Amino acid sequence: MVTREIMGKIIAIANQKGGVGKTTTTANLGASLGQLGKNVLLVDFDPQGNLTTGFLGSAKTIIQKDVTDALTKQVPVKNTIIKTKFENVSILPAASNRLATIETEYANVEGRELLLKDILDQVKDTYDFIFIDCPPSLGMLSIQAFTSSDTVLITLQSEFYALEGLSQLLNTIDQVRRRSNPQLGIEGVLITMYDARTLLGAQVIGDVRNYFYNKVYDTIIPRNIGLAEAPSHQMPIYYYDSRSKGAIAYIELAKEVLQANGN
Ligand SMILES: Nc1ncnc2c1ncn2[C@@H]1O[C@H](COP(=O)(O)OP(=O)(O)OP(=O)(O)O)[C@@H](O)[C@H]1O
Ligand SMILES: [Mg+2]
């Protein structure tokens, strides 16, 4: 029997700004790494549950147990993970917006920032990569995600305001480093929804590179209609249209992530 080392790396995909490509990146970077032979778990940690809808569609409504049940220890986390039909990809779904209630119900509970870490520690050794799709806020859920993670991957939409609000995100990461997770690193910065036809796009890339230097991925995700359509067919882009620019970009990104992690 061939055994190989499991990486067990946990990466939070974050930006408190809405609609900057977090969920699209979680789904498609995850599926691309699966395609490249890595065992991947995707964690839907956004009460909106977009990641779950993008994989399961209407079947989401019949899910009995989800990430909230695991967090609140109603059910062992292993019983809430669903293997998808896509190669090497499993999902820990957020099937109801009960996840939102965690913020308030646990507001004064000691150790609340460790809830997610506690459950991911139980399955970490099963996966090469675990990606956490963060919500568009810097509240308790994002703090839990950062506390659980080895690194944070920041997505930035290619637009004039791309860098606005970033200092809040970086402050939150620093705060988590000081309080509970000193090793937390920045995995990389990904520019999404890039439109090569606009001068603005090129300017944004320049600004982001000036700010983050070599933390910015060479791979830039273009604006691509397939990426927006694929979730409505419950497919990652690679399975929906493997020759699209979006599919090619996410495979390239996956290779870059592998290389940065010594593969
Ligand atoms: N590269 C792209 N090209 C075209 N459309 C895209 C691209 N990336 C994302 N989209 C679309 O833009 C919208 C926002 O993307 P996405 O849901 O990934 O962002 P998000 O950061 O997860 O949003 P939220 O903050 O609400 O969770 C979605 O409709 C998605 O399909
Ligand atoms: Mg999202």
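Each ligand, and each atom within it, is numbered from 1 in the order the structure gives. Here the structure is a predicted model, which is why all the values come from computation and not from measurement.
Per-residue contacts place Pro136 under 4.0 angstrom from the following atoms of ligand 1 (heavy atoms of the residue considered): 25 (O). Applying the 4.0 Å criterion to heavy atoms of Gln48 picks out, from ligand 1, the atoms 24 (P), 26 (O), 27 (O). Those atoms of ligand 1 with a heavy atom of Gly18 less than 4.0 angstrom away are 25 (O). Each of the atoms 19 (O), 20 (P), 21 (O) of ligand 1 lies under 4.0 Å from some heavy atom of Val20. The ligand atoms of ligand 1 that sit less than 4.0 angstrom from a heavy atom of Asp46 are 27 (O). Every atom of ligand 1 is numbered from 1 in the order shown, and the set under 4.0 Å from a heavy atom of Met193 is 1 (N), 2 (C), 7 (C), 8 (N), 9 (C). Per-residue contacts place Ile221 under 4.0 angstrom from the following atoms of ligand 1 (heavy atoms of the residue considered): 1 (N). Which parts of ligand 1 touch Lys17 is read off a 4.0 Å heavy-atom cut-off, strictly below it: atoms 25 (O).
Less than 4.0 angstrom separates atom 29 (O) of ligand 1 from none of the non-hydrogen atoms of the protein. Put simply, atom 14 (C) of ligand 1 has protein non-hydrogen atoms near it, under 4.0 Å away.
Partner of Ile191 under the side chain to side chain contact (heavy atoms under 4.5 Å, CB included) criterion, out of Val216, Ile221, Thr219: Val216 alone. Residue Tyr250 forms a side-chain hydrogen bond (donor to acceptor under 3.5 Å, both in side chains) with just one option from Thr24, Thr25, Asn224, and that option is Thr25.
Ala95 approaches Asp66 most closely through the heavy-atom pair N-OD2, 2.8 Å. Listed here is the closest heavy atom pair of Gly165 and Gln16: O-NE2, 2.8 Å. Counting all heavy atoms, side chain and backbone alike, Cys134 lies closest to Ser142 at CB-OG, 4.2 Å.
Nearest protein heavy-atom contact of atom 18 (O) of ligand 1 is Thr24 OG1, 2.5 Å. Looking only at protein heavy atoms, the nearest one to atom 1 (N) of ligand 1 is Pro222 O, 2.8 Å. The nearest heavy-atom contact from the protein to atom 24 (P) of ligand 1 is Gly19 N, 3.5 Å. Scanning the protein for heavy atoms near atom 19 (O) of ligand 1, the closest one is Gly21 N, 3.0 Å. The single protein non-hydrogen atom nearest to atom 3 (N) of ligand 1 is Asn224 N, 2.9 Å, given as residue, atom name and distance. Closest to atom 17 (O) of ligand 1 among all protein heavy atoms lies Thr23 CB, 4.0 Å. When hydrogens are left out, the protein atom nearest atom 20 (P) of ligand 1 is Lys22 N, 3.5 Å; that is the closest non-hydrogen contact. Scanning all protein heavy atoms for the shortest distance to atom 31 (O) of ligand 1 gives Ala228 CA, 3.4 Å.
Side-chain atoms of Lys22 come within 3.5 Å of backbone N or O of Asn15 as a donor-acceptor pair. Put simply, the side chain of Asp44 never gets that close to the backbone of Pro93: no donor and acceptor are under 3.5 Å apart. Of the possible polar contacts, one joining the Asn181 side chain to the Phe146 backbone as a donor-acceptor pair under 3.5 Å is found.
Both Leu163 and Val204 sit in one connected hydrophobic cluster of ILVMFWY residues. Membership requires side-chain heavy atoms under 4.5 Å apart, directly or through other members. Follow the hydrophobic side-chain contacts under 4.5 Å out from Phe131 and you reach Ile251 in the same cluster. Taking hydrophobic clusters as Ile, Leu, Val, Met, Phe, Trp and Tyr residues chained together by side-chain heavy-atom distances below 4.5 Å, Val189 shares a cluster with Leu200.
Because the distance cut-off is set at 2.8 Å, Thr26 fails to qualify as a neighbour of the Mg ion (ligand 2), as none of its N, O or S atoms comes that close.
Not a single heavy atom of Thr192 sits under 4.0 Å from any atom of ligand 1. Heavy atoms of Gln157 stay at 4.0 angstrom or farther from ligand 1. Within the structure, the closest approach of Gly246 to ligand 1 does not fall below 4.0 Å when heavy atoms are considered.
Taking a 6.0 Å sphere around CZ of Arg177, one finds it holds more than 12 heavy atoms contributed by other residues, nucleotides or ligands.
Looking at heavy atoms from C-beta onward, Met193 lies out of side-chain contact with Glu159 at the 4.5 angstrom threshold.
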